[in-house]
Trainee: 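Questions regarding the structure given below will be posed in turn.
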There are 2 protein chains.
Amino acid sequence: MQTQPNPTLDDVARRAGVSTATVSRCLNAPAKVSGKTRERVMAAVTALGYTPHFGARAMAARRTHTIGAVIPTMENAVFARGLQAFQEGLHAAGYTLLVASSAYDPVVEAEQVRALVARGADGLLLIGRTRDRALTDFLSARGVPALLAWVVEGEGVSVGFDNRAAMRALAEAVLAEGHRRIAMISGLTTGNDRASERLAGLREALAAAGLTRAGLPLEEVPYGIETGGAAFARLMEARPRPTAVMCGNDVLAAGALAKAAEMGLRVPEDVSITGFDDIELARIVPPGLTTAHVPHRDMGARAAEVLIALVEGGDAASVTLACPVVRRGSLGPPRG
Amino acid sequence: MQTQPNPTLDDVARRAGVSTATVSRCLNAPAKVSGKTRERVMAAVTALGYTPHFGARAMAARRTHTIGAVIPTMENAVFARGLQAFQEGLHAAGYTLLVASSAYDPVVEAEQVRALVARGADGLLLIGRTRDRALTDFLSARGVPALLAWVVEGEGVSVGFDNRAAMRALAEAVLAEGHRRIAMISGLTTGNDRASERLAGLREALAAAGLTRAGLPLEEVPYGIETGGAAFARLMEARPRPTAVMCGNDVLAAGALAKAAEMGLRVPEDVSITGFDDIELARIVPPGLTTAHVPHRDMGARAAEVLIALVEGGDAASVTLACPVVRRGSLGPPRG
DNA sequence: CGGCTCAATGTAAGCGCTTGCATAGCTATG
DNA sequence: CATAGCTATGCAAGCGCTTACATTGAGCCG
């Protein structure tokens, strides 16, 4: 499809009457070139519409100023928002972001990581911390630093929050209202440490309140409004019914809320519902969703800082952010 | 940071006792190599954990199997979803997707387009069709095909829908209910042809119904739930009040809906509200949002097909998808 | 059994850029 | 005025890969 060959450094050099080395310096270290020459070169650059060839540059410079990120899916607003902030931070520092999605599949994730490394990513942003040894080894052999986000430090540097503690705090708020029959709708926990940590947090809180572990009705379903609604309906078939349904994320909770309305159940009088993430949705679904606030944008911005430090300097410390409980209308005392 | 140099073709070749050419052929055209050699080479590849260097490959092969996409923002679910489908389609065909976002700024968009081309994108996906001459010229000079999505064909190939016609159809439904005092909350129209086309569609319908153009109260606000709510509040200060508020997208409409509830206005008894896009939200905000259904996933998938055809074959036809009106509780006849 | 074909492999020339080193043209110094 | 010390530039060697072309060695024909 290449109709006319793209202009190269050589074309620019010829047109400006200098060597390719000078042109290259003009572009990468303008201070090393005299004012007059620089002007002439820049004129040639714009006249020709020259754009440096990325592959060639990466090859010669062994540096790409590119950061790769592998996220589970772009369809989840939570990642989209964090990533947007992340990319703004990178852009400001002169880095470009390459995004790939894994569809929550570790095999695909590994593939994508390799693809990004092959593309010359100087560093990587990864979500969560469940991943296999081979991948970590691969990255360290290649000398590509990776930052883990959405979790707290396991091994390696991370920027994130403690999913378990946040969920436990939320559960404590629910218990404090007087709820004893609590059920949970969790996202799929297989290969998803955020989901399993949240579940674990709830179990810890229940145990601490003297409620037996066996007593937690649980539905584990894929991410989605529909699936959340369906899971809610199943949980509400139990007699006696749970008085509170805690969800692994806001989207599941929104589904539960919608289904409750459809079933003629009042929230929170007949049943309390909680979410996790605090996406915009949480504010607008009536009566407002009580949830754990995850500072997505802040996390993305901090992640950019830390990863750049890692890439350029060599080391940087992990950051742990707080996830306060946000109380809205969906949580109230059990009736009776 | 590169602790150990990455293995190169040469390392693999040496280890397998063949030339680099043979290794390259093994990877790119296995049929040209004898079975025994291939096994030996593949063994060396895995033993060394070899990954081809992307830049080098792009340089030598003048082809990257990479498609770039520039979207306004990842935070808009609408693009996220379309893009997810797009990327799945590309992946299946062996292409990789590079995503960049422009924040609705044409200058940034142009930058990103150039960056993607410099990175060797074989083709580009662009949203909408308002863009300046220089950019189109640049792309055609470089021989990089671009596909426009979310719109119908202007010049160039597109995969999308007719924003104006869809909005007109929606407006006709509103008029058919008997509404005559209609207001609009539009997204920012500057540099956003989707938004301006939708507005134009509404105006056409009003004109066709004999309502004067001057009679359309209009709020033009940035994308967001909050901004939609605030705009709604302003529109409802008019006396007599509008009986129907049509919004440029579902997110603005969700904000309007939430604000209506907060103001104690019943929907649709006191005021009807419509959206555009039909995102998940539209189904769950009570009483359900009447909106125009945009087939995002389908659009993404078709876009992948068409763009690949463009890149590989050279030409392909535009695709126009229908956007049926979806009726939900938020639209009813005006009271009285 | 010579000669031809064809499949499998090797040789080597780039692809477009960066960068260490050499060079040239100055000015400041003794 | 010769010399040292700069700065601005050029030269040329790769970076890791693909691919046209050359080479080799079978297998097959008459």
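Chain identifiers are assigned alphabetically (A, B, ...) following the order of the sequence lines, protein sequences preceding nucleic acid strands; residue numbering begins at 1 within each chain.
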Trainee: Can you check the His53(A) NE2 to dC15(C) P distance for me, whole Å?
Mentor: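 After rounding, the reported distance stands at 12 Å.
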Trainee: Which whole-number value in Å describes the distance from Arg38(B) CZ to dT9(C) C1'?
Mentor: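 Atom CZ in Arg38(B) sits about 14 Å away from atom C1' in dT9(C).
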Trainee: Between dT11(C) atom P and Arg25(B) atom CZ, what is the distance in whole Å?
Mentor: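 In whole Å, dT11(C) P and Arg25(B) CZ are 11 Å from each other.
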Trainee: In whole angstrom, give the distance that lies between atom CG of Asp10(B) and atom P of dG14(D).
Mentor: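 The answer, rounded to whole Å, is 13 Å.
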Trainee: Considering every strand and a 4.0 Å limit on heavy-atom distances, what is the contact class for Thr8(A): base, sugar-phosphate, or nothing?
Mentor: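 Contact class for Thr8(A): sugar-phosphate only.
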Trainee: From dC17(C), dT9(C), dA12(D), pick the nucleotide closest to the side chain of Ala21(A)?
Mentor: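 Given the options dC17(C), dT9(C), dA12(D), the side chain of Ala21(A) is closest to dA12(D).
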Trainee: Do Asp11(B) and Arg15(B) meet the salt-bridge criterion of a basic N to acidic O distance under 4.0 Å?
Mentor: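 A salt bridge is absent here (no side-chain N lies under 4.0 Å from a carboxylate O).
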Trainee: Taking atom types as modelled and ignoring hydrogens, do the side chains of Arg119(A) and Thr64(A) form a donor-acceptor contact shorter than 3.5 angstrom?
Mentor: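 Checked: Arg119(A)/Thr64(A) side chains show no N/O donor-acceptor pair below 3.5 Å.
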Trainee: Find the distance Leu27(B):CG to dG16(D):C1' and express it as a whole number of Å.
Mentor: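 So the two atoms are 13 Å apart, to the nearest Å.
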Trainee: What's the CG-C1' distance between Asn28(B) and dT19(D), to the nearest Å?
Mentor: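 The distance from CG of Asn28(B) to C1' of dT19(D) comes to 10 Å, rounded to the nearest Å.
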Trainee: Ignoring the backbone of Thr20(A), work out which of dT18(D), dG10(C), dT18(C) is nearest its side chain.
Mentor: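 Comparing dT18(D), dG10(C), dT18(C) against the side chain of Thr20(A), the answer is dT18(C).
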Trainee: Quick one: which of dC17(C), dT18(D), dG10(C) gets closest to the side chain of Thr22(B)?
Mentor: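 Among the listed nucleotides, the one closest to the side chain of Thr22(B) is dG10(C).
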Trainee: Do NZ/NE/NH1/NH2 and the carboxylate oxygens of Arg114(B) and Glu109(B) come within less than 4.0 Å?
Mentor: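 Here Arg114(B) does not pair with Glu109(B) in a salt bridge, since their nearest N and O are not under 4.0 Å apart.
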Trainee: Quick one: which of dT9(C), dG10(D), dG16(D) gets closest to the side chain of Ala56(B)?
Mentor: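 Ranking dT9(C), dG10(D), dG16(D) by closest atom to the Ala56(B) side chain puts dG16(D) first.
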Trainee: Do the side-chain N and O atoms of Tyr223(A) and Asn76(A) include a donor-acceptor pair separated by under 3.5 angstrom?
Mentor: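 A donor-acceptor contact under 3.5 Å links the two side chains.
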Trainee: Atom CE of Met59(A) to atom P of dT18(D): distance rounded to whole Å?
Mentor: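 These atoms are roughly 10 Å apart.
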Trainee: dC17(C) P sits how many Å from Arg14(A) CZ, rounded?
Mentor: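 After rounding, the reported distance stands at 12 Å.
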Trainee: Check every strand shown and say whether Phe54(B) touches a base, only sugar-phosphate, or nothing at a heavy-atom separation below 4.0 Å.
Mentor: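 Here Phe54(B) touches no strand at all.
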Trainee: Starting at CG of Asp122(B), measure out to CG of Leu307(B) and round the result to the nearest 0.5 Å.
Mentor: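 Between Asp122(B) CG and Leu307(B) CG, I get 9.5 Å after rounding to 0.5 Å.
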Trainee: Any side-chain N or O of Arg57(A) under 4.0 Å from OP1/OP2 of dG16(C)?
Mentor: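 No, no such contact exists.
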Trainee: Taking OP1 and OP2 of dT18(D), is either one under 4.0 Å from a side-chain nitrogen or oxygen of Ser24(B)?
Mentor: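 Checking dT18(D) against Ser24(B), a side-chain N or O does come within under 4.0 Å of OP1 or OP2.
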Trainee: Can you find a side chain N or O atom of Arg62(A) that sits less than 4.0 Å from OP1 or OP2 on dC17(C)?
Mentor: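 No, Arg62(A) has no side-chain N/O under 4.0 Å of OP1/OP2 on dC17(C).
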Trainee: Among dG16(C), dG10(D), dC17(D), which nucleotide sits nearest the side chain of Ala60(A)?
Mentor: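 Of dG16(C), dG10(D), dC17(D), dG16(C) is nearest to the side chain of Ala60(A).
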